[in-house]
Amino acid sequence: MRFTKKDILGLEYLTPEEITLIIETARTQKDLLSRPIKKVPILRGKSVCTLFYENSTRTRTSFELAAKMLSADTSSVSVSGSSINKGESFKDTLLTLESMGIDLFIIRHEASGSSHYASQIVKSHVVNAGDGLHAHPTQGLLDMLTIYENKGKFEGLNVCVVGDISHSRVARSNVWGLAKMGAHVRVCGPSTLIPPDFDKLPCEVYTDLDKALEGADAVNVLRIQKERMDRGFFPTIGEYVKLYGITSERLKGCKDDVIVLHPGPINRGVEIDADVAYNHSVILDQVTNGVAVRMAILYLLLGGGNAEII
Ligand code: CP
């Protein structure tokens with residue numbers, strides 16, 4: 001199967017076959033990460049640009065490493081240090097960079113829909129690296145790869161996404177991607193942190209954490225996004241920790257082999273207990289899988305046809 005989409009804007013726009021192709025390609029390409037020389041010439045001559053209007057450690061670095069491992073040329077533009085700081089518009093920035101020969105943009109922007117907009121402005125490929133509250137498709141895919149590696153399937157799994165659902169593009173990408181592959185997705189958080197339209201998505205909505213965790217195969221814990229909160233969504237952090245903080249004790253209602261994920265960065269001791277995060281989670285596997293998934297995406301958009309390439 002060939003991957004024929006020009007852009008990756010959200011998992012709601014991908015078919016189960018396309019999601020499977022990305023995950024299978026990532027599983028194959030992950031092998032490169034354990035080689036002494038982590039480089040293959042597969043995207044030689046291609047130019048990739050990370051264009052980030054918001055901060056990032058994992059997404060940006062893993063995309064850059066992934067591109068370099070596949071021998072693409074990389075450039076990196078952020079607000080600080082670029083002409084965006086002089087007032088250059090998003091559109092002009094895109095057109096300017098495309099004129100330099102960029103083949104693929106990886107874009108993070110605070111506005112929901114910004115990657116869609118960019119995909120209409122440029123002929124180059126666009127990968128959404130997080131647009132406002134809408135989507136973070138590559139995070140959704142790396143979460144799915146991590147779940148698949150541990151469970152060997154998606155069909156019939158109970159996956160619980162816990163925390164600040166309102167401000168989370170990761171929650172939406174998890175719901176779309178996992179539901180498409182046959183998992184049952186539950187989202188859980190205080191009612192003030194669950195948007196009213198979430199019951200229209202393919203998931204079940206809970207406010208009672210113990211009920212949401214019952215029989216869960218995987219729990220994805222979301223960060224409390226203080227930087228996106230312009231008012232109090234719960235009385236105190238202490239109360240949030242008591243009701244929604246993930247501890248070993250809280251996980252007792254889950255399946256015995258439950259895995260705990262977190263997209264990072266973590267507010268340690270708030271949404272997730274330090275012992276769970278350090279000793280009983282797959283968080284660092286997610287980070288590694290981020291490189292593999294992003295290699296797969298760059299490869300499929302810029303050059304490849306199937307998983308067996310290296
Ligand atoms: N999970 C995630 O998107 O992390 P960064 O903000 O560090 O990229």
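For ligands, and for the atoms within them, numbers begin at 1 and follow the listed sequence. What you see is a predicted model; the values in this text were computed from it and never measured.
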For residues E214 and N158, is any side-chain donor paired with an opposing acceptor at under 3.5 Å?
no
For T57, atoms of ligand 1 separated by under 4.0 Å from a heavy atom:
5 (P), 7 (O), 8 (O)
Does a salt bridge link E54 with R169, judged by any charged N lying under 4.0 Å from a carboxylate O?
yes
Do any nitrogen or oxygen atoms of R60 come within less than 3.5 Å of a nitrogen or oxygen of ligand 1?
no
Any heavy-atom pair between the side chains of T50 and T74 that's under 4.5 Å?
no
Lys NZ or Arg CZ of R268 over Y278 ring: under 6.0 Å, within 45°
yes
Report, in ascending order of atom number, the atoms of ligand 1 lying under 4.0 Å from any heavy atom of G264.
1 (N), 2 (C), 4 (O)
Taking distance alone, with N or O pairs closer than 3.5 Å, would you say P265 contacts ligand 1?
no
Pair Q286, T146: side-chain N/O donor-acceptor within cut-off below 3.5 Å:
no
Tell me: protein heavy atom nearest atom 6 (O) of ligand 1, and distance?
R108 NH1, 2.9 Å
May I ask whether G130 has any heavy atom positioned less than 4.0 angstrom from an atom of ligand 1?
no
